[in-house]
Amino acid sequence: MKALVINGPNLNMLGIREPGIYGSHNYDRLVQICQEAGAAQGFDEVEVFQSNHEGSIVDKIQEAYGKVDGIVINPAAYTHTSVAILDALKAVAIPAVEVHISAVETREDFRQVSYARLACFATITGEGLQGYAHALELLREYLEK
Ligand code: CA2
């Protein structure tokens with residue numbers, strides 16, 4: 001079983017600013033959490049990808065078709081704007097979990113909209129970086145059924 005974790009714009013800047021919202025750990029720690037949690041859940045491989053570019057994220061989702069069993073995605077700011085990422089997730093129809101580090105539901109109005117959520121079977125918010133481990137657990141449970 002292979003899982004793909006996709007992170008959107010600015011998540012590579014984690015730990016540099018806004019620790020009150022996103023915590024003090026950096027992006028390398030996020031990658032480590034995903035790889036450790038993936039192994040603990042029995043995934044053979046967990047690829048962790050980050051891009052600041054919408055089209056690169058769409059390309060990555062398309063490339064996953066036929067190669068990846070499940071996706072964990074934090075589209076970051078593109079969560080609230082990108083029909084292209086939603087359409088790519090729908091096109092490949094790979095089981096997907098949406099994850100947000102912060103509790104987006106308690107933040108600004110513009111963060112209340114999620115396009116990607118419409119193609120995901122679960123959403124995790126407000127659990128910090130451990131939300132990625134939770135997402136991989138939900139993905140493994142879903143794939144086992
Ligand atoms: O809570 C999340 O995981 C978000 O997806 C993070 C995005 C934000 O636009 C979403 O509304 C919620 C932001 C990603 C990274 O932003 C940083 C900002 C300052 C310093 C470091 C990262």
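In listed order, ligands and their atoms are each counted from 1.
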*Asks:* Looking at N10, is its backbone amide N or carbonyl O close enough to the side chain of N52 to form a donor-acceptor pair, meaning the two atoms are under 3.5 Å apart?
*Replies:*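 Side chain of N52 to backbone of N10: a pair is present.
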*Asks:* For the residue pair Y132 and V46, establish whether any side-chain heavy-atom pair is separated by less than 4.5 Å.
*Replies:*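 No, every pair of side-chain atoms sits at 4.5 Å or beyond.
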*Asks:* Above 12 or not: heavy atoms from other molecules or residues under 6.0 Å from NZ of K2?
*Replies:*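 Yes - once you tally the heavy atoms of other residues, nucleotides and ligands closer than 6.0 Å, there are more than 12.
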*Asks:* Would you say that V99 contacts I73 through its side chain, given a criterion of any heavy-atom pair below 4.5 Å between the two side chains?
*Replies:* no
*Asks:* Among all protein heavy atoms, pick out the one at the shortest distance from atom 2 (C) of ligand 1; state its residue, atom name and that distance to 0.1 Å.
*Replies:* I101 N, 3.4 Å
*Asks:* Out of all atoms in ligand 1, which are within 4.0 Å of some heavy atom of A77? Include the element for each.
*Replies:* 9 (O)
*Asks:* For atom 20 (C) of ligand 1, what's the nearest protein heavy atom and its distance?
*Replies:*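 Checked against all protein heavy atoms, atom 20 (C) of ligand 1 sits closest to R17 O, 3.4 Å.
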*Asks:* Looking at E144 and R140, does any basic side-chain N land under 4.0 Å from a carboxylate oxygen?
*Replies:*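 Here E144 pairs with R140 in a salt bridge, since their nearest N and O are under 4.0 Å apart.
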*Asks:* Relative to ligand 1, is P9 under 4.0 angstrom through side chain, backbone, both or neither, heavy atoms considered?
*Replies:*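 Under 4.0 Å from ligand 1, P9 contributes backbone atoms alone.
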*Asks:* For ligand 1, is I16 a contact, meaning one of its heavy atoms is under 4.0 Å away?
*Replies:*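 The answer is no, since I16 has no heavy atom less than 4.0 Å from ligand 1.
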*Asks:* Of the side chain and backbone of V104, name the one, both, or neither that has a heavy atom under 4.0 Å from an atom of ligand 1.
*Replies:*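 Within the 4.0 Å criterion, V104 contacts ligand 1 through side-chain atoms alone.
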*Asks:* At a non-hydrogen distance cut-off of under 4.0 Å, which region of V99 contacts ligand 1 (side chain, backbone, both, or neither)?
*Replies:*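 Neither part.
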*Asks:* Just to be sure I read this right, does ligand 1 sit under 4.0 Å from the backbone of H100, its side chain, both, or neither, counting only heavy atoms?
*Replies:*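 The part of H100 near ligand 1 is both the backbone and the side chain.
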*Asks:* Of the protein's non-hydrogen atoms, which lies at the shortest distance from atom 1 (O) of ligand 1, and what is that distance?
*Replies:* S102 OG, 2.6 Å
*Asks:* Which residue pairs pass the side chain to side chain donor-acceptor pair (under 3.5 Å) test when at least one of the two sits in residues 59-69, sequence neighbours left out?
*Replies:*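 Found E47-K60.
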*Asks:* Which residue holds the protein heavy atom closest to atom 22 (C) of ligand 1, what is that atom called, and what is the gap in Å?
*Replies:* N10 O, 3.5 Å
*Asks:* Among all protein non-hydrogen atoms, which one is nearest to atom 8 (C) of ligand 1, and what is the separation to 0.1 Å?
*Replies:*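 Residue, atom and distance for the closest contact: R111 NH1, 3.3 Å.
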*Asks:* Check ligand 1 against H80 and write out every atom of the ligand that is under 4.0 Å from a heavy-atom position of the residue.
*Replies:* 10 (C), 11 (O)
*Asks:* Is there at least one pair of N or O atoms, one from T79 and one from ligand 1, spaced under 3.5 Å apart?
*Replies:* no
*Asks:* Go through the steps for L11 and I101 under the test side-chain contact (heavy atoms from CB on, under 4.5 Å), then give the verdict.
*Replies:* CA-CA 10 Å; L11 284 164; I101 297 167; 3.7 Å; yes
*Asks:* Looking only at protein heavy atoms, which one is nearest to atom 21 (C) of ligand 1, and what is the separation?
*Replies:* M13 O, 3.4 Å
*Asks:* Going hydrophobic residue to hydrophobic residue with side-chain gaps under 4.5 angstrom, can you get from I71 over to V48?
*Replies:* no
*Asks:* Looking only at the side chains, is there a donor atom on one of T79 and E98 sitting less than 3.5 Å from an acceptor on the other?
*Replies:*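 Looking only at side-chain atoms, E98 and T79 do not form any donor-acceptor pair under 3.5 Å.
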*Asks:* Tell me every residue that passes side chain to side chain donor-acceptor pair (under 3.5 Å) with R107, counting only those two or more places apart in sequence or in another chain.
*Replies:* Y22, S102
*Asks:* When you measure from atom 17 (C) of ligand 1 to every protein heavy atom, which one gives the shortest distance, and what is it?
*Replies:*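 It is Y22 CE1, 3.7 Å.
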*Asks:* Distance to 0.1 Å, residue and atom name: give those for the protein heavy atom nearest to atom 19 (C) of ligand 1.
*Replies:*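 Answer for atom 19 (C) of ligand 1: E18 OE2, 3.5 Å.
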